[in-house]
Amino acid sequence: MAAHARRSNRPLGWVMFGTGGFLVAFFFPIHILLTGVLQPLGWVPTPDQHHMLTLLENPITRIYLAILLIFAFWHAGYRLRDTICDALGVRALDFPIMLVCFIGAAAGTVATLWMLLTVP
Amino acid sequence: METSSTNAQSGAIGILDETIVLEIARFHPEKDTEPSYDSFEVPLRSDWMVLDALNYVKDHLDGSLAYRWSCRMGICGSCGMMVNGVPRLTCETLLTSVAPGPVRIGPLDHFTVVKDLVIEMDEFMGKLQKVRPWIVRKDNYQPKREFIQTPAQLEVFKQYSLCINCMLCYAACPVFGLDPSFTGPAALALAERYNLDSRDQGAAERTDILSQHDGIWDCTVIGECSEVCPKHVDPSMAIQQYKIDATKDWFKTWLMPWGNK
Amino acid sequence: MPQYKVYQPATYRPRMSPYWFFDRWPYLKFMIRETSSVFAAYWAVVMLAQIRSIRHGAWAYARFEHWLSNPLIIILNAVALLFVAFHAVTWFMLVPRVFVRQMTGSGAIPDELAAAPNFGAWIVASIVVGLFLVGAI
Ligand code: SF4
Ligand code: FES
């Protein structure tokens, strides 16, 4: 039982990481391609703010964005924690690094929820 | 001896009338504080493995060279070394595959070097023991005959049981290099091998140990262990599966704390 | 730690180079894959900024678009796209394999076949989201 209690809580983070990994893989490339590259270059049409607001007012859009962004933040936070440890060879500092990454992910979560719940 | 047989076979298959330079890591525990490289020129033969070239060096050029080998057929797992920076079984690596050279040969990465190409193995043995690689029974059941196991039940874990303990996967694992306390690929694959065994009841016990620090969660899926494994054990896959099992367990414990014991 | 010491006057323990991931291409590939998390986080923040600008009216949205049209930002986004796409490919190659193995108890299904549905779904998802983003729907 004591050993049982010492089991890592990684599974929770891992599930967030895994779900986020799928969502980022499926949806981020097209968002970046259009919003980040092709539309600024003017190669594909860019809808005006009014159109986007109508889209945003639809609850389905907001649920989509909330799930996508929140899991993306946790995906990135979980992976970044391990990456920093590996890249810099500082696994001994895992705990503070984890705190920073997860606080970042939590902040992203709060910001996303606030942004989407308070759409006019 | 070797020379005369070489002469006798001159012109035979395998002789290429060429040489290849081996740069071999040397570490003398009584003189050196760190390894350096010695160069040796050896015949290049199409029927030679890198291990044969090392034997040639030891027989003809420098008898003080230390390295391990035994079976010359990829089954004892003792001849693992870094060949041009990649962990390989030297008895399975054709000399021509690394020609024209020079070929760098070193002891397996990340391990403590005892002499030249010989590494300290206690560390690895400790990791194997830690995962309880034997059939655990909760009921203290003393079988009067063999446990019955169907071919299908065997198939589930068979791949993970093919490990020859060559430690190539550890030499390929940067996580082990960065953090020597990491249980590591072969040992975790071995744990999963017993977890999946229909006769075994020790999965919870093992997960108590391996879902802590230094266990499965230290793995960041670099995947090179599976690439270098000469027996296609796929330890990386075993660890990811283990993570899924441990995750299921974790949620079960939190969602139904009463159901687990 | 070695338990046997009698004839071992000294041993040598190698240390990893801090730049170990440049040593071999597979390690560098791993690092590129992991670094995609930085760009995923970056893009999630950009999307938050986008949502914010849309809420704040036409003027704020115009300012956001102006920021996006900066050539340096476009280059940054192109780089982010490469990294995230690399993440997607590695993810689709690996994760379905693990699930297949978990469910069937063996590697009976070839890797390509296990990965194929994901690539199909990726294309469909991209088309649907893309149509919304260009205002076609
Ligand atoms: S898992 Fe493969 S590479 Fe690792 S020790 Fe076993 S046989 Fe060698
Ligand atoms: S000598 Fe036995 S595996 Fe190479």
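The chains referred to below are lettered A, B, ... by the order of the sequence lines, with proteins before strands, and numbering in each begins at 1. Computed over heavy atoms, backbone and side chain alike; hydrogens, waters and symmetry mates excluded.
- For C/A60, no part sits under 4.5 Å from any heavy atom of chain A, backbone or side chain.
- With a 4.5 angstrom heavy-atom cutoff, A/F73 touches chain C only via side-chain atoms.
- Residues A/R79 and C/R33 are in side-chain contact: their nearest non-hydrogen atoms beyond the backbone lie under 4.5 Å apart.
- In terms of heavy atoms, A/Q39 sits closest to C/L133 at NE2-O, 3.0 Å.
- Using cut-offs of 30° and 60° on the angle between ring planes, the pair A/F27 and A/Y64 is perpendicular.
- Here C/W91 is the residue among C/F132, C/W122, C/W91 with the most heavy-atom pairs under 4.5 Å with chain A.
- Heavy atoms of C/R15 lying under 4.5 Å from chain A are absent altogether.
- Residue contact with chain C, scored on non-hydrogen atoms closer than 4.5 Å, involves the backbone of A/D48 exclusively.
- Neither the backbone nor the side chain of C/N70 comes within contact range of chain A, judged by heavy atoms closer than 4.5 Å.
- Of the residues considered (A/A111, A/A87, A/A72), A/A87 shows the highest number of contacts with chain C, using heavy-atom pairs under 4.5 Å.
- Using a 4.5 Å cut-off between heavy atoms, C/M16 does not touch chain A at all.
- Neither the backbone nor the side chain of A/L38 comes within contact range of chain C, judged by heavy atoms closer than 4.5 Å.
- Of the atoms belonging to A/V24, heavy atoms from both backbone and side chain fall under 4.5 Å from chain C.
- Minimum heavy-atom separation, A/T118 to C/R55: OG1-NH1, 2.7 Å.
- By the 30° and 60° cut-offs, the orientation of the rings of C/F39 relative to C/Y42 is perpendicular.
- Between C/N77 and C/L68, the closest side-chain pair of non-hydrogen atoms falls below 4.5 Å.
- Two residues are said to be in side-chain contact when any heavy atoms from C-beta on lie closer than 4.5 Å; C/R97 and C/L94 meet this criterion.
- Relative to the ring axis of C/Y27, C/R24 places its NZ or CZ within 45° and under 6.0 Å from the centre.
- For C/T90, no part lies under 4.5 angstrom from a heavy atom of chain A.
- At a 4.5 Å heavy-atom cutoff, the contact between A/L33 and chain C is made by backbone and side-chain atoms alike.
- There is a side-chain donor-acceptor pair under 3.5 Å between A/T109 and A/W74.
- Under the 30°/60° scheme for interplanar angles, the aromatic rings of C/F92 and C/F119 are found to stand perpendicular.
- By number of non-hydrogen pairs under 4.5 angstrom with chain A, the leading residue of C/T35, C/V84, C/I74 is C/I74.
- Only the side chain of C/V95 comes within less than 4.5 Å of a heavy atom of chain A; its backbone N, CA, C and O stay farther away.
- Nearest heavy-atom pair across A/T46 and C/Y61 is CG2-OH, 4.5 Å.
- Put simply, of A/I30, A/L41, A/L56, A/I32, the one with the most heavy-atom pairs under 4.5 Å next to chain C is A/I32.
- Here C/A40 is the residue among C/A40, C/P18, C/S36, C/S69 with the most heavy-atom pairs under 4.5 Å with chain A.
- Ranked by heavy-atom pairs under 4.5 Å with chain A, the first of C/A88, C/A62, C/A85, C/S53 is C/A88.
- Chain A forms more heavy-atom pairs under 4.5 Å with one residue of C/E34, C/M31, C/M47 than with any other, namely C/E34.
- Between C/Q50 and A/M52, some side-chain heavy-atom pair lies under the 4.5 Å cut-off.
- For A/H50, no part lies under 4.5 angstrom from a heavy atom of chain C.
- For A/I70, no part sits under 4.5 Å from any heavy atom of chain C, backbone or side chain.
- Both the backbone and the side chain of A/F17 come within contact range of chain C, with heavy atoms under 4.5 Å apart.
- In terms of heavy-atom pairs under 4.5 angstrom with chain A, the leader among C/A41, C/G57, C/P71 is C/G57.
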Salt bridge (Lys or Arg N to Asp or Glu O under 4.0 Å), that's the test. Do A/R81 and A/D86 meet it? Break it down for me.
CA-CA 9 Å; A/R81 163 200 182 182; A/D86 284 345; over 6 Å; no
